[in-house]
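Below: the structure, in structure tokens.
This is a predicted model, so every value here is computed, not measured.
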Amino acid sequence: MTNSTAIDDADSPVVPENTVRGDGERGSDFARLSRRIAQAGLLDRRFGYYAVRLGLVAAAFVGGWVAFFALGDSWYQLLVAVFLAVVFAQIGLVAHDLAHRQVFRSRRSSEIAGLVAGNLAIGMSYGWWMDKHTRHHANPNHEDHDPDVNPDFLVWSREQAAESKGAAQVPGAAGRRSCSSRCSRSRGSTSTCPASGR
């Protein structure tokens, strides 16, 4: 029986991932890199950084809404809108760090802060985003499983670009059309797609 990972070149031996290397380290390339990153302290929580960042983002958020109400009916609201758009993006980035448990030690504190930042402050469903982001990390850049590479607005491969013609260029239509093509690809036939009924 042949090994499916074997290399055709007889002079190039196949080295299993979990072996002792010449430098005495064990494990896969990823495991060794992960250890080096952890030993360098790059994964340590930075409480001071997040205290300053959360304080600045909260102050900008409050300041933006104070400006919004103070200006009233004015063309200057356009400037406030741009400012608040930047602040909302910063809150989204803070929510991302909260979801990755980088800010607080406890899960409960991270979830409460994530709900406040996501749901209350910017109107983004923190639970929905957590589910979507977890699926992204489980299948990064896999067209059929990563929700972040769904071709609704942008296409990420030549295949998605080829499928996005005509009405599929309208946001949302590409996702419905690609579901149909995914169903037929996954079944190996042109049977009907349960989502579209075709």
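Under the 3.5 Å distance criterion, the side-chain polar atoms of T134 are matched with a main-chain donor or acceptor of M130. Checking side-chain atoms of N139 against main-chain N and O of D146 turns up no donor-acceptor pair under 3.5 Å. Formation of a donor-acceptor pair under 3.5 Å by the Q77 side chain with backbone atoms of G72 is found in this model. At least one donor-acceptor pair under 3.5 Å links the side chain of S110 to the backbone N or O of S106.
In plain terms, the two heavy atoms of A121 and A117 that are nearest each other are CB-O, 3.2 Å. Here the closest heavy-atom approach between residue A113 and residue F104 is recorded as CB-CE1, 3.6 Å. Summarising the geometry of L71 relative to S74, their closest heavy-atom pair is O-CB, 3.8 Å, with the distance given to 0.1 Å.
The side-chain heavy atoms of R53 and V94, taken from C-beta on, include a pair separated by under 4.5 Å. Residues I91 and V57 form a side-chain contact, since some pair of their non-hydrogen atoms from C-beta on lies under 4.5 Å apart. Residues R46 and Q102 fail the side-chain proximity criterion, which asks for heavy atoms closer than 4.5 Å. At a threshold of 4.5 Å between non-hydrogen side-chain atoms, the residues L33 and I37 count as touching. Using a 4.5 Å cut-off on side-chain heavy atoms (C-beta onward), W65 and L84 make contact. Q90 places none of its side-chain heavy atoms less than 4.5 Å from the side chain of V87.
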(request) Could you please spell out the steps behind the side-chain contact (heavy atoms from CB on, under 4.5 Å) verdict for R105 and F47? (result) CA-CA 10 Å; R105 283 193 175 110; F47 297 109; 3.7 Å; yes
(request) Please test Y126 against L98 for side-chain contact (heavy atoms from CB on, under 4.5 Å), starting from the C-alpha separation and ending with a verdict. (result) CA-CA 10 Å; Y126 183 72; L98 288 163; 4.3 Å; yes
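Residue S34 holds its OG atom at 12.5 Å from CG of D29, rounded to the nearest 0.5 Å. Atom OH of Y49 sits about 6.5 Å away from atom CG of D97, to the nearest 0.5 Å. Remark: F68 CZ to F83 CZ distance equals 14.0 Å, nearest 0.5 Å.
Transitive grouping of hydrophobic side chains (ILVMFWY, heavy atoms separated by less than 4.5 Å) keeps L56 and L93 in distinct clusters. Using a 4.5 Å cut-off between side-chain heavy atoms of Ile, Leu, Val, Met, Phe, Trp and Tyr, with links allowed through other members, F61 and F69 fall into the same hydrophobic cluster.
Remark: H133 pairs with H96, H100, W129, H136, H137 by the ring pair (Phe, Tyr, Trp, His ring centres under 6.0 Å) rule, at least two apart or across chains.
One finds no salt bridge joining R135 and D148 here, because no Lys/Arg side-chain nitrogen approaches an Asp/Glu carboxylate oxygen to under 4.0 Å.
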